[in-house]
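What follows is a short report on a single structure.
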Amino acid sequence: MVTSLAVGAMTAGLSGGAVTSYLMPMPSTNKVGLQTTNALLPVYPDNMNIAGTVSNLVTSDNLHYIADRNELSCFDDDLNLIWHYTFPERRGSRSHLILRDGVIYMVNLGKAIRKNDPEYATGIPFTAAFNAQNGVPYWYKELSEKKQAIKDFHFEGTDEIVIQFEDKTIRQMLTDGKMIVTE
């Protein structure tokens with residue numbers, strides 16, 4: 001069984017171009033992810049039936065940020081764990097990270113891949129903001145009380161995120177997480 005080890009690098013040709021891949025540790029679990037360019041593909045040592053519960057990889061100033069369904073983690077270039085933040089149980093899913101002005105913003109989409117369904121609702125959709133240097137959370141906001149996947153989202157200007165569900169739209173301030181819900 002593969003455990004949390006950094007396992008070298010390999011280069012593979014894909015559609016005529018080279019893609020560099022790395023195995024990255026996920027600290028609180030016994031699984032690793034296969035990093036390919038800017039997307040992380042899960043590699044499980046057992047037959048789990050939910051996949052795709054990882055974020056994009058964000059890199060800045062020799063620090064690398066990535067989330068799985070359990071936690072957000074920050075690593076240095078040698079894959080040493082700098083900090084991590086553990087999410088409330090059964091909340092995490094596929095997510096998106098963005099770094100702005102020393103803050104890591106996270107949109108947990110409330111969905112994963114299960115069998116042939118790339119939009120399988122799992123976890124609880126939430127947004128959060130963390131200090132990029134030490135992982136201290138600024139705010140954490142759950143967006144729905146039920147398993148309901150985010151359909152779409154976008155950052156508007158420098159201070160707001162717009163999140164679209166099937167039945168509602170949420171506008172959220174990046175400074176404090178304050179939300180305005182429109183049906």
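Numbers here simply count residues along the sequence, with the first being 1.
For the pair Gln148 and Pro125, the tightest heavy-atom approach, listed with the atom from each and the gap, is O-CG, 3.0 Å. Considering all non-hydrogen atoms of both residues, Glu156 and Val162 come closest at OE1-CG2, 3.7 Å. Scanning all heavy atoms of the two residues, the minimum distance from His84 to Leu81 falls at CD2-CD2, 3.7 Å.
Phe153 CZ to Ile98 CD1: the interatomic distance, rounded to the nearest 0.5 Å, is 8.0 Å. To the nearest 0.5 Å, the span separating CG on Asp77 from CG on Asn62 amounts to 4.0 Å. Note that NZ of Lys151 is 13.0 Å distant from OG1 of Thr169, once rounded to the nearest 0.5 Å. To the nearest 0.5 Å, atoms OG1 (Thr127) and CH2 (Trp139) are separated by 4.0 Å. In this structure, CG in Leu97 is found 10.5 Å from OG1 in Thr59, a value given to the nearest 0.5 Å. From Ile66, atom CD1 reaches atom CG of Leu57 across 5.0 Å, with rounding to the nearest 0.5 Å.
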Start with the C-alpha distance between Gln133 and Leu63, add both sets of side-chain angles, then the distance that settles side chain to side chain contact (heavy atoms under 4.5 Å, CB included), and finish with yes or no.
-> CA-CA 9 Å; Gln133 292 299 309; Leu63 294 177; 3.9 Å; yes
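Both the sub-6.0 Å distance and the 45° axial angle are not jointly satisfied by Arg91 relative to the ring of Tyr140.
Side-chain atoms of Glu142 do not come within 3.5 Å of backbone N or O of Phe126 as any donor-acceptor pair. Between the Asn108 side chain and the Ser93 main chain, a donor and an acceptor come within less than 3.5 Å of each other. Side-chain N or O atoms of Asp176 include one that pairs as donor or acceptor with a backbone N or O of Lys178 at under 3.5 Å. Without hydrogens or angle criteria, Trp83 side chain to Ala132 main chain gives a donor-acceptor distance under 3.5 Å. Checked by atom type and distance alone, the side chain of Asp78 never pairs as donor or acceptor with a backbone atom of Asn80 at under 3.5 Å.
Residues Phe155 and Met173 are members of separate hydrophobic clusters, defined by side-chain heavy-atom contacts under 4.5 angstrom among Ile, Leu, Val, Met, Phe, Trp and Tyr. Note: the hydrophobic cluster containing Leu72 does not contain Val136 (ILVMFWY, side chain heavy atoms under 4.5 Å, direct or indirect links). Residue Phe165 is not grouped with residue Ile124 when hydrophobic side chains (ILVMFWY) are merged at heavy-atom distances under 4.5 angstrom, including chains of intermediate members.
For the side-chain contact (heavy atoms from CB on, under 4.5 Å) test, residues two or more places apart in sequence or in another chain that qualify with Asp152 are Gln164.
Results of the ring-ring contact (aromatic ring centres under 6.0 Å, His included) test with Tyr85 over Phe130, Tyr65, Tyr138 single out Phe130 as the only residue that passes. Looking at Gln172, Met179, His154 one by one, the single match for side chain to side chain contact (heavy atoms under 4.5 Å, CB included) with Ile163 turns out to be Gln172.
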